[in-house]
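Dropping a structure here in structure tokens format, bear with me for questions.
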Protein chains: 2
Amino acid sequence: MVMVLRMRRVNANPVFRALADPTRRAIFEELSRRGEQTVHALTRYAGVSQPAVSKHLTVLKRAKLVRHRREGRETHYRAQPDALAPMVDWLEHYGAFWRDRFDRLEALLERMEP
Amino acid sequence: MVMVLRMRRVNANPVFRALADPTRRAIFEELSRRGEQTVHALTRYAGVSQPAVSKHLTVLKRAKLVRHRREGRETHYRAQPDALAPMVDWLEHYGAFWRDRFDRLEALLERMEP
DNA sequence: ACAAACCATAACTGTATGGTTATGGTTTTG
DNA sequence: CAAAACCATAACCATACAGTTATGGTTTGT
């Protein structure tokens, strides 16, 4: 028997908006792949100015997609992937049959036995 | 043994952009729930003018999220949920651990035995 | 045949947004 | 302590974008 935990419905809009921008997605991807990084490191990666990166991080922060930790003069950001939940929920709801069940199972198995 | 089909990587950007707007998301949701609809019906639903709806539908069309079918003077639109695949792929990639495996399994089971 | 309905496009408008440079606060380094 | 590094915010700019009204092309209804 499967217990279903009803989560508080979070507004999905900030997440959708935040990830609509390719630069922001790239920053989030980089943080997901390489883990925690400073603004400086992200700036070298992103190909835009440091203030631009700071503003992108602010948007991601408002969507709870990143958290930050100050350490001396540098700020370390890290991805907060569970903030993707509203988007995942939305997809599971409105895109429930975008792919047949076998495909879904296949993907799951792939993840569970690497 | 699980066969893995490598799909052609589709540019996820149009999908992310298209779904960033709440009105567009609402239109897509409505088409997903209630099935094929005319522009007229969608206009009554969306709460914006008919030209606005037409433009939103154009954006969704460019992202392959909807298809249309002309029938006399009316155009019927329907959701094309498999166009969500790039977004799902992205989430599976960068949000792989947004939720623990039990949760994923639970969600899967829910879908498989309704 | 004419009027009305349906839809798409054009033309326009205000605001949001992604980028820049400039600046200042804090912390580390020499 | 002075200089440099790191970051955030301010101020500004150009463009993208979501909305509007106006219009015209088809198709349906009377």
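Note that this is a predicted model, so its numbers are computed, not measured. So you know, we letter chains A, B, ... as the sequences are listed, proteins then strands, and number each from 1.
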Check: Any side-chain N or O of Arg73(B) less than 4.0 Å from the OP1 or OP2 oxygen of dG25(D)?
Finding: no
Notebook entry, point to check: Rounded to whole angstrom units, what separation is found between the NE2 atom of His40(B) and the C1' atom of dA8(C)?
Noted result: 16 Å
Check: If you take atom types as modelled and just measure distance, does the side chain of Gln50(A) reach the base of dA8(D) with a donor-acceptor pair under 3.5 Å?
Finding: yes
Note to self: Tell me the interatomic distance from Asp21(B), atom CG, to dT17(C), atom P, rounded to whole angstroms.
What the structure shows: 11 Å
Notebook entry, point to check: Are side-chain heavy atoms of Thr75(A) and Arg70(A) found at a separation under 4.5 Å?
Noted result: yes
Next item on the list: Look at the side chain of Lys55(A) and decide which nucleotide, out of dG18(C), dA8(D), dC7(D), has an atom nearest to it.
Entry: dG18(C)
Notebook entry, point to check: Does Glu71(B) reach the side chain of Arg69(B), with side-chain heavy atoms less than 4.5 Å apart?
Noted result: yes
Margin query: Please determine whether a side-chain nitrogen or oxygen atom of Thr58(A) lies at a distance below 4.0 Å from atom OP1 or OP2 of dC7(D).
Written below: no
Next item on the list: Mark yes or no for whether Arg25(B), through its side chain, and Leu19(B), through its backbone, hold a donor-acceptor pair below 3.5 Å.
Entry: yes
Checklist line | Trp90(B) reachable from Phe16(A) in the ILVMFWY side-chain graph, under 4.5 Å edges | finding: yes
Check: Taking CZ from Arg25(A) and P from dT17(C), how many angstroms apart are they, rounded to a whole number?
Finding: 16 Å
Next item on the list: Return the value, rounded to whole Å, for the distance between atom CZ of Arg44(B) and atom C1' of dC7(C).
Entry: 15 Å
Item checked: Between dG19(C) (P) and Ile27(A) (CD1): distance, integer Å -> 9 Å
Next item on the list: Measure the distance from CD on Gln37(A) to C1' on dC7(D) and round it to the nearest whole Å.
Entry: 16 Å
Next item on the list: Report the residue (Gly72(A) or Thr23(A)) whose heavy-atom-nearest nucleotide on DNA chain C is the more 5′ of the two.
Entry: Thr23(A)
Item checked: Upstream residue (5' side of DNA chain D) when His76(A) and Arg70(B) are each assigned their closest nucleotide -> His76(A)
Item checked: Nearest-Å distance for atom pair CZ/P, residues Arg62(A) and dG18(C) -> 10 Å
Next item on the list: Would you kindly give the CG-to-C1' distance between Leu42(B) and dA8(C), to the nearest whole Å?
Entry: 15 Å
Next item on the list: Give a yes or no on this: more than 12 heavy atoms of other residues, nucleotides or ligands lie within 6.0 Å of atom NZ of Lys64(A).
Entry: no
Notebook entry, point to check: OP1 or OP2 of dT20(D) less than 4.0 angstrom from a side-chain nitrogen or oxygen of Ser49(B), does that happen here?
Noted result: yes
Notebook entry, point to check: In terms of the nearest nucleotide of DNA chain C, which residue is placed more toward the 5' end: Arg17(A) or Leu57(B)?
Noted result: Leu57(B)
Check: Looking at dG19(D), dC7(C), dC17(D), which one has an atom nearest to any side-chain atom of Val48(B)?
Finding: dG19(D)
Checklist line | Short side-chain N/O contact to dA8(D) OP1/OP2 from Tyr77(A), under 4.0 Å | finding: yes
Check: What nucleotide among dA22(C), dT9(C), dG19(D) has an atom nearest to a side-chain atom of Pro51(B)?
Finding: dT9(C)
Next item on the list: Choose from dG19(D), dA10(D), dA8(C) the nucleotide whose nearest atom is closest to any side-chain atom of Thr75(B).
Entry: dA8(C)
